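For clarity, every value in this text was computed on a predicted model and none was experimentally measured. For ligands, and for the atoms within them, numbers begin at 1 and follow the listed sequence.
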Amino acid sequence: MIRPRIKVLALGGTIATRPDASGAMQMGLGADDLVAAVPALAALAEIEAETVSKVGSHSLGFDQIHVLAARIAELDADGVIVTQGTDTLEEAAFLLDLLVDRDIPVIVTAAMRNPALTSPDGPGNLLAAVRVACDPWIRAHAKALGVMAVMLDEIYAAADVVKVHPTRMNAFVAPQTGPLAALVEDRVVPLSLPVRDAIVLARARLGDASRGKAQPVALLWLGLDEPGFVIEAMSEHRDHLGYRGAVLAAMGGGHVPERMAPLVTRLAALLPTVVSPRAGAGGPMLRQTYGGPSSEIALRKAGLIWGGRLQPLKARVLLETCLRAGLGRAVIAEVFDAFG
Ligand code: ASP
(Lines give C-alpha, C1' and ligand atoms only; values in the text may rest on other atoms or scores of the structure.)
Protein backbone atom coordinates (compact mmCIF):
# COMPACT_ATOMS: atom_id res chain seq x y z
CA MET A 1 0.00 0.00 0.00
CA ILE A 2 1.33 3.45 -0.91
CA ARG A 3 1.20 5.62 2.16
CA PRO A 4 0.24 9.29 1.68
CA ARG A 5 3.06 11.76 2.28
CA ILE A 6 2.02 13.95 5.19
CA LYS A 7 3.97 16.98 6.30
CA VAL A 8 3.75 17.92 9.98
CA LEU A 9 4.60 21.58 10.64
CA ALA A 10 4.98 22.36 14.35
CA LEU A 11 4.50 25.92 15.63
CA GLY A 12 4.53 25.25 19.40
CA GLY A 13 1.73 25.34 21.95
CA THR A 14 0.82 23.06 24.82
CA ILE A 15 1.19 20.02 22.57
CA ALA A 16 4.90 20.89 22.32
CA THR A 17 5.66 21.70 25.95
CA ARG A 18 7.83 19.90 28.48
CA PRO A 19 8.44 20.54 32.17
CA ASP A 20 11.40 22.66 33.30
CA ALA A 21 13.29 22.04 36.56
CA SER A 22 10.55 23.77 38.56
CA GLY A 23 7.83 21.68 36.95
CA ALA A 24 6.45 24.58 34.91
CA MET A 25 5.64 23.69 31.33
CA GLN A 26 7.83 25.41 28.73
CA MET A 27 7.91 25.28 24.95
CA GLY A 28 10.50 22.71 23.98
CA LEU A 29 9.31 19.85 21.79
CA GLY A 30 9.82 20.01 18.05
CA ALA A 31 7.93 18.33 15.23
CA ASP A 32 10.19 15.25 15.37
CA ASP A 33 9.39 14.76 19.07
CA LEU A 34 5.64 15.02 18.44
CA VAL A 35 5.80 12.44 15.66
CA ALA A 36 8.11 10.12 17.62
CA ALA A 37 5.59 10.05 20.48
CA VAL A 38 2.99 8.41 18.21
CA PRO A 39 4.53 5.25 16.69
CA ALA A 40 1.19 4.33 15.06
CA LEU A 41 1.66 7.18 12.57
CA ALA A 42 4.25 5.23 10.60
CA ALA A 43 1.70 2.63 9.49
CA LEU A 44 -0.63 5.33 8.15
CA ALA A 45 1.59 7.74 6.32
CA GLU A 46 5.05 8.70 5.28
CA ILE A 47 5.58 11.52 7.73
CA GLU A 48 7.97 14.39 7.30
CA ALA A 49 8.29 16.64 10.33
CA GLU A 50 9.40 20.27 10.39
CA THR A 51 9.68 22.56 13.38
CA VAL A 52 8.58 26.02 12.27
CA SER A 53 8.71 27.63 15.71
CA LYS A 54 8.42 26.87 19.40
CA VAL A 55 6.00 29.54 20.59
CA GLY A 56 2.75 29.57 22.49
CA SER A 57 -0.09 30.51 20.18
CA HIS A 58 -0.91 33.49 22.41
CA SER A 59 2.32 34.97 21.00
CA LEU A 60 1.84 34.11 17.33
CA GLY A 61 1.43 36.98 14.87
CA PHE A 62 -0.38 37.46 11.59
CA ASP A 63 2.99 37.73 9.82
CA GLN A 64 3.98 34.24 10.99
CA ILE A 65 0.76 32.75 9.66
CA HIS A 66 1.32 34.45 6.31
CA VAL A 67 4.81 32.93 6.14
CA LEU A 68 3.33 29.55 7.11
CA ALA A 69 0.70 29.83 4.37
CA ALA A 70 3.41 30.51 1.80
CA ARG A 71 5.31 27.47 3.05
CA ILE A 72 2.19 25.28 2.76
CA ALA A 73 1.56 26.60 -0.76
CA GLU A 74 4.89 25.25 -1.98
CA LEU A 75 4.96 21.89 -0.16
CA ASP A 76 5.19 18.69 -2.17
CA ALA A 77 2.92 16.56 0.04
CA ASP A 78 -0.42 14.74 0.05
CA GLY A 79 -1.55 16.46 3.22
CA VAL A 80 -0.39 19.00 5.79
CA ILE A 81 -0.85 18.99 9.56
CA VAL A 82 -0.12 22.15 11.52
CA THR A 83 0.35 21.69 15.26
CA GLN A 84 0.00 24.80 17.39
CA GLY A 85 -1.41 26.11 20.65
CA THR A 86 -5.13 26.12 21.24
CA ASP A 87 -5.34 29.74 22.40
CA THR A 88 -5.55 31.23 18.91
CA LEU A 89 -6.25 28.12 16.87
CA GLU A 90 -9.66 29.41 15.75
CA GLU A 91 -8.01 32.53 14.32
CA ALA A 92 -4.91 30.95 12.79
CA ALA A 93 -6.94 28.21 11.09
CA PHE A 94 -9.34 30.78 9.63
CA LEU A 95 -6.47 32.93 8.35
CA LEU A 96 -4.87 29.87 6.73
CA ASP A 97 -8.23 29.13 5.13
CA LEU A 98 -8.27 32.63 3.61
CA LEU A 99 -4.71 32.28 2.32
CA VAL A 100 -4.04 28.66 1.37
CA ASP A 101 -5.43 27.39 -1.92
CA ARG A 102 -4.56 23.68 -2.12
CA ASP A 103 -6.49 20.58 -3.05
CA ILE A 104 -4.86 18.49 -0.34
CA PRO A 105 -6.09 18.27 3.26
CA VAL A 106 -4.70 21.05 5.46
CA ILE A 107 -5.46 20.38 9.11
CA VAL A 108 -4.70 22.26 12.30
CA THR A 109 -4.53 20.37 15.57
CA ALA A 110 -3.36 21.00 19.14
CA ALA A 111 -3.68 19.80 22.72
CA MET A 112 -5.49 21.06 25.78
CA ARG A 113 -3.71 18.75 28.25
CA ASN A 114 0.05 19.03 28.33
CA PRO A 115 2.39 16.04 27.91
CA ALA A 116 3.22 15.90 31.65
CA LEU A 117 -0.40 15.24 32.64
CA THR A 118 -2.15 11.90 32.76
CA SER A 119 -4.04 11.38 29.48
CA PRO A 120 -2.61 14.20 27.41
CA ASP A 121 -4.68 14.69 24.25
CA GLY A 122 -1.83 15.79 21.95
CA PRO A 123 -0.76 12.34 20.69
CA GLY A 124 -4.36 11.27 20.06
CA ASN A 125 -5.14 14.51 18.25
CA LEU A 126 -2.05 14.18 16.06
CA LEU A 127 -2.93 10.59 15.22
CA ALA A 128 -6.52 11.63 14.44
CA ALA A 129 -5.33 14.51 12.26
CA VAL A 130 -3.09 12.20 10.23
CA ARG A 131 -5.89 9.63 9.91
CA VAL A 132 -8.20 12.35 8.67
CA ALA A 133 -5.58 13.65 6.22
CA CYS A 134 -5.18 10.12 4.80
CA ASP A 135 -8.88 9.39 4.53
CA PRO A 136 -10.18 8.94 0.95
CA TRP A 137 -13.37 11.02 1.47
CA ILE A 138 -11.40 13.87 3.01
CA ARG A 139 -8.80 13.76 0.24
CA ALA A 140 -11.47 13.65 -2.48
CA HIS A 141 -13.22 16.70 -0.97
CA ALA A 142 -10.16 18.57 0.28
CA LYS A 143 -10.86 21.71 -1.74
CA ALA A 144 -14.52 21.79 -0.71
CA LEU A 145 -13.63 21.27 2.94
CA GLY A 146 -10.99 24.01 3.13
CA VAL A 147 -8.70 24.19 6.13
CA MET A 148 -9.94 21.97 8.96
CA ALA A 149 -9.35 21.69 12.69
CA VAL A 150 -9.23 18.23 14.25
CA MET A 151 -9.75 18.04 18.00
CA LEU A 152 -11.02 15.11 20.06
CA ASP A 153 -11.96 13.03 17.01
CA GLU A 154 -14.11 15.75 15.48
CA ILE A 155 -13.37 17.60 12.28
CA TYR A 156 -14.39 21.27 11.99
CA ALA A 157 -14.33 23.91 9.26
CA ALA A 158 -11.82 26.66 10.03
CA ALA A 159 -14.44 29.38 9.58
CA ASP A 160 -16.72 27.77 12.15
CA VAL A 161 -14.54 26.32 14.87
CA VAL A 162 -14.34 28.25 18.14
CA LYS A 163 -12.69 27.64 21.48
CA VAL A 164 -15.33 27.73 24.19
CA HIS A 165 -13.43 26.67 27.30
CA PRO A 166 -10.02 27.78 28.61
CA THR A 167 -8.94 24.50 30.17
CA ARG A 168 -11.22 21.54 29.44
CA MET A 169 -10.26 18.96 26.88
CA ASN A 170 -13.54 19.36 24.98
CA ALA A 171 -12.85 23.03 24.34
CA PHE A 172 -13.66 23.21 20.63
CA VAL A 173 -17.03 23.31 18.91
CA ALA A 174 -18.63 24.73 15.78
CA PRO A 175 -21.79 26.21 17.31
CA GLN A 176 -23.43 27.28 14.05
CA THR A 177 -22.79 24.19 11.95
CA GLY A 178 -21.50 21.31 14.04
CA PRO A 179 -18.58 19.18 12.87
CA LEU A 180 -17.93 18.26 9.22
CA ALA A 181 -17.11 14.69 10.15
CA ALA A 182 -16.34 12.45 13.08
CA LEU A 183 -13.57 9.94 13.54
CA VAL A 184 -14.91 6.63 14.84
CA GLU A 185 -12.49 3.75 15.41
CA ASP A 186 -10.32 4.27 12.34
CA ARG A 187 -13.09 5.60 10.07
CA VAL A 188 -13.96 9.12 9.07
CA VAL A 189 -17.74 9.44 9.09
CA PRO A 190 -18.73 12.41 6.85
CA LEU A 191 -21.52 14.62 8.23
CA SER A 192 -21.59 17.71 5.99
CA LEU A 193 -19.68 19.89 3.57
CA PRO A 194 -19.17 23.55 4.48
CA VAL A 195 -20.84 26.39 2.54
CA ARG A 196 -17.81 28.29 1.28
CA ASP A 197 -19.22 30.89 -1.09
CA ALA A 198 -18.24 33.79 1.18
CA ILE A 199 -14.72 32.44 1.59
CA VAL A 200 -14.36 31.96 -2.16
CA LEU A 201 -15.47 35.56 -2.73
CA ALA A 202 -13.14 36.84 0.01
CA ARG A 203 -10.20 34.98 -1.49
CA ALA A 204 -10.93 36.42 -4.94
CA ARG A 205 -10.96 39.97 -3.56
CA LEU A 206 -7.95 39.44 -1.30
CA GLY A 207 -5.56 38.40 -4.06
CA ASP A 208 -2.08 38.03 -2.63
CA ALA A 209 -2.77 39.64 0.75
CA SER A 210 0.53 38.31 2.09
CA ARG A 211 2.44 40.96 0.14
CA GLY A 212 0.92 43.67 2.32
CA LYS A 213 2.06 45.03 5.67
CA ALA A 214 0.47 44.36 9.08
CA GLN A 215 -2.63 46.47 9.75
CA PRO A 216 -3.52 46.65 13.45
CA VAL A 217 -7.23 46.09 14.08
CA ALA A 218 -8.77 46.87 17.47
CA LEU A 219 -11.32 44.49 18.93
CA LEU A 220 -13.71 46.18 21.35
CA TRP A 221 -16.18 44.11 23.33
CA LEU A 222 -19.22 46.17 24.31
CA GLY A 223 -20.67 45.43 27.74
CA LEU A 224 -23.62 46.73 29.70
CA ASP A 225 -23.33 50.50 30.18
CA GLU A 226 -20.15 50.84 28.10
CA PRO A 227 -19.30 54.56 28.02
CA GLY A 228 -17.25 54.40 24.80
CA PHE A 229 -14.11 56.23 26.02
CA VAL A 230 -11.79 53.95 24.03
CA ILE A 231 -13.79 54.51 20.88
CA GLU A 232 -13.65 58.25 21.44
CA ALA A 233 -9.87 58.04 21.93
CA MET A 234 -9.51 56.00 18.77
CA SER A 235 -11.17 58.76 16.76
CA GLU A 236 -9.32 61.60 18.44
CA HIS A 237 -5.87 60.01 18.46
CA ARG A 238 -6.11 57.80 15.39
CA ASP A 239 -2.57 58.36 14.15
CA HIS A 240 -1.05 58.13 17.60
CA LEU A 241 -2.76 54.82 18.40
CA GLY A 242 -2.04 53.31 15.01
CA TYR A 243 -5.14 51.18 14.51
CA ARG A 244 -6.21 50.86 10.88
CA GLY A 245 -9.57 49.22 11.54
CA ALA A 246 -11.90 48.19 14.34
CA VAL A 247 -14.26 45.36 15.18
CA LEU A 248 -17.06 46.08 17.63
CA ALA A 249 -18.40 43.01 19.40
CA ALA A 250 -21.88 44.44 19.63
CA MET A 251 -25.04 43.51 21.46
CA GLY A 252 -27.78 41.27 20.16
CA GLY A 253 -28.51 41.47 16.45
CA GLY A 254 -26.10 44.42 16.02
CA HIS A 255 -26.77 47.13 18.61
CA VAL A 256 -24.68 49.47 20.74
CA PRO A 257 -25.72 51.60 23.74
CA GLU A 258 -27.61 54.63 22.46
CA ARG A 259 -25.12 57.20 23.72
CA MET A 260 -22.41 55.47 21.68
CA ALA A 261 -24.17 55.97 18.34
CA PRO A 262 -22.36 59.26 17.51
CA LEU A 263 -19.04 57.78 18.69
CA VAL A 264 -19.18 54.67 16.53
CA THR A 265 -20.50 56.69 13.57
CA ARG A 266 -17.52 59.00 13.85
CA LEU A 267 -15.13 56.08 14.14
CA ALA A 268 -16.64 54.39 11.08
CA ALA A 269 -16.04 57.57 9.06
CA LEU A 270 -12.36 57.43 10.00
CA LEU A 271 -11.58 53.67 9.96
CA PRO A 272 -13.29 50.62 8.48
CA THR A 273 -15.37 49.50 11.46
CA VAL A 274 -17.04 46.10 11.51
CA VAL A 275 -19.96 45.19 13.74
CA SER A 276 -19.93 41.57 14.85
CA PRO A 277 -22.13 39.79 17.42
CA ARG A 278 -20.79 39.38 20.96
CA ALA A 279 -23.42 36.68 21.59
CA GLY A 280 -21.54 33.36 21.86
CA ALA A 281 -22.00 31.49 18.62
CA GLY A 282 -21.59 34.28 16.06
CA GLY A 283 -24.14 35.67 13.59
CA PRO A 284 -25.88 36.20 11.34
CA MET A 285 -27.12 39.51 12.69
CA LEU A 286 -30.22 41.54 11.97
CA ARG A 287 -30.32 44.10 9.17
CA GLN A 288 -33.77 45.70 9.17
CA THR A 289 -35.77 44.96 12.30
CA TYR A 290 -35.11 47.58 14.99
CA GLY A 291 -35.34 51.35 14.74
CA GLY A 292 -33.66 53.94 16.98
CA PRO A 293 -30.31 55.71 16.84
CA SER A 294 -28.09 52.75 17.79
CA SER A 295 -29.91 49.83 16.23
CA GLU A 296 -28.90 47.88 13.16
CA ILE A 297 -30.86 50.01 10.67
CA ALA A 298 -29.24 53.25 11.86
CA LEU A 299 -25.75 51.81 12.27
CA ARG A 300 -25.77 50.29 8.79
CA LYS A 301 -26.93 53.62 7.33
CA ALA A 302 -24.16 55.35 9.25
CA GLY A 303 -21.48 53.30 7.47
CA LEU A 304 -20.73 50.52 9.93
CA ILE A 305 -19.73 47.31 8.09
CA TRP A 306 -21.91 44.33 8.94
CA GLY A 307 -19.88 41.30 10.01
CA GLY A 308 -22.38 38.66 8.94
CA ARG A 309 -22.14 35.29 10.62
CA LEU A 310 -18.50 35.68 11.67
CA GLN A 311 -17.90 35.95 15.39
CA PRO A 312 -15.66 38.85 16.50
CA LEU A 313 -12.30 37.05 16.55
CA LYS A 314 -12.79 35.78 13.02
CA ALA A 315 -14.15 39.15 11.85
CA ARG A 316 -10.95 40.75 13.15
CA VAL A 317 -8.84 38.24 11.20
CA LEU A 318 -10.78 38.95 8.02
CA LEU A 319 -10.61 42.73 8.46
CA GLU A 320 -6.84 42.62 9.06
CA THR A 321 -6.42 40.52 5.92
CA CYS A 322 -8.61 42.87 3.84
CA LEU A 323 -6.63 45.90 5.02
CA ARG A 324 -3.32 44.12 4.43
CA ALA A 325 -4.51 43.40 0.89
CA GLY A 326 -5.15 47.12 0.41
CA LEU A 327 -8.93 46.78 -0.07
CA GLY A 328 -11.04 49.90 0.30
CA ARG A 329 -14.14 50.27 2.43
CA ALA A 330 -16.65 49.34 -0.28
CA VAL A 331 -14.89 46.09 -1.19
CA ILE A 332 -14.40 45.24 2.50
CA ALA A 333 -18.15 45.70 3.00
CA GLU A 334 -18.82 43.44 0.01
CA VAL A 335 -16.54 40.74 1.44
CA PHE A 336 -18.23 40.83 4.85
CA ASP A 337 -21.69 41.05 3.32
CA ALA A 338 -21.21 37.63 1.74
CA PHE A 339 -21.00 36.15 5.24
CA GLY A 340 -24.69 36.89 5.76
N1 ASP B 1 -0.99 28.72 25.78
C2 ASP B 1 -1.09 27.55 24.95
C3 ASP B 1 -1.00 27.97 23.50
O4 ASP B 1 -1.96 28.36 22.92
C5 ASP B 1 -2.31 26.83 25.27
C6 ASP B 1 -2.57 25.61 24.46
O7 ASP B 1 -1.85 25.24 23.56
O8 ASP B 1 -3.59 24.97 24.77
O9 ASP B 1 0.02 27.88 22.95
Side-chain angles (χ1 to χ4, degrees), residues 8-38 49-69 71-72 80-97 99 106-130 132 147-156 158-175 179 183 217 219 221 280 311-314 316-317 320:
V8 175
L9 299 170
L11 300 187
T14 287
I15 193 168
T17 53
R18 61 182 172 201
D20 66 14
S22 75
M25 300 307 289
Q26 301 275 6
M27 294 301 139
L29 304 181
D32 284 330
D33 302 310
L34 302 186
V35 171
V38 191
E50 181 180 325
T51 304
V52 176
S53 59
K54 292 185 177 177
V55 296
S57 72
H58 43 275
S59 298
L60 284 173
F62 286 116
D63 286 349
Q64 282 154 287
I65 306 297
H66 281 270
V67 170
L68 179 69
R71 179 87 188 94
I72 293 173
V80 180
I81 314 289
V82 175
T83 62
Q84 66 155 93
T86 62
D87 289 352
T88 59
L89 186 151
E90 62 206 293
E91 293 152 277
F94 182 50
L95 180 53
L96 285 177
D97 201 21
L99 301 176
V106 177
I107 294 169
V108 184
T109 194
M112 288 299 294
R113 286 173 66 79
N114 71 59
L117 294 171
T118 304
S119 309
D121 51 334
N125 284 341
L126 180 57
L127 181 60
V130 172
V132 171
V147 173
M148 293 163 270
V150 170
M151 294 294 287
L152 278 192
D153 290 348
E154 289 196 310
I155 298 126
Y156 303 102
D160 296 308
V161 70
V162 292
K163 185 176 181 181
V164 292
H165 199 281
T167 54
R168 285 204 190 127
M169 206 148 78
N170 57 342
F172 287 86
V173 294
L183 188 65
V217 173
L219 171 56
W221 214 269
Q311 47 88 278
L313 290 173
K314 293 193 199 273
R316 179 174 168 274
V317 168
E320 206 277 350

**Distance (rounded to the nearest 0.5 Å) between L313 CG and K163 NZ** = 11.5 Å
**Asked** How close does the nearest protein non-hydrogen atom get to atom 6 (C) of ligand 1, and which residue and atom is it?
**Response** T14 OG1, 2.9 Å
**Message:** Please determine whether any non-hydrogen atom of S59 lies less than 4.0 Å from an atom of ligand 1.
**Reply:** no
**Request:** Would you mind running through ligand 1 and noting each atom that sits below 4.0 Å from a heavy atom of G56?
**Result:** 9 (O)
**Request:** Calculate, to the nearest 0.5 Å, the distance between atoms CD1 and CG belonging to I15 and N114 respectively.
**Result:** 11.5 Å
**Request:** Just need the protein heavy atom nearest to atom 8 (O) of ligand 1, so name the residue and atom and give the distance.
**Result:** T86 OG1, 2.4 Å
**Fill in**
A student checking ligand 1 against G13 at a 4.0 Å heavy-atom cut-off should list atoms 7 (O), 9 (O)
**Fill in**
Minimal heavy-atom distance between L126 and L34, with the atoms involved, is CD2-O, 3.5 Å
**Prompt:** Within the structure, does T88 bring an N/O atom to less than 3.5 angstrom of an N/O atom in ligand 1?
**Reply:** no
**Request:** Show the numbers, then the answer: is there a side chain to side chain contact (heavy atoms under 4.5 Å, CB included) between V147 and V108?
**Result:** CA-CA 8 Å; V147 173; V108 184; 4.1 Å; yes
**For ligand 1, the portion of A111 having any non-hydrogen atom under 4.0 Å away** = backbone
**Asked** Looking only at distance, does H58 have an N or O less than 3.5 Å from an N or O of ligand 1?
**Response** yes
**Message:** Does L9 form a side chain to side chain contact (heavy atoms under 4.5 Å, CB included) with Q84? I'd like the steps, not just the answer.
**Reply:** CA-CA 9 Å; L9 299 170; Q84 66 155 93; over 6 Å; no
**Request:** Would you mind checking which non-hydrogen protein atom is closest to atom 1 (N) of ligand 1, with the distance to 0.1 Å?
**Result:** D87 OD2, 2.8 Å
**Identity and distance of the protein heavy atom lying nearest atom 9 (O) of ligand 1** = S57 N, 2.7 Å
**Request:** Begin with the C-alpha distance, continue with both residues' side-chain angles, and end with the deciding distance and a verdict on side chain to side chain contact (heavy atoms under 4.5 Å, CB included) for M112 and F172.
**Result:** CA-CA 10 Å; M112 288 299 294; F172 287 86; 4.2 Å; yes
**Asked** When rounded to the nearest 0.5 angstrom, what is the spacing between CZ in F94 and CD in Q311?
**Response** 9.0 Å
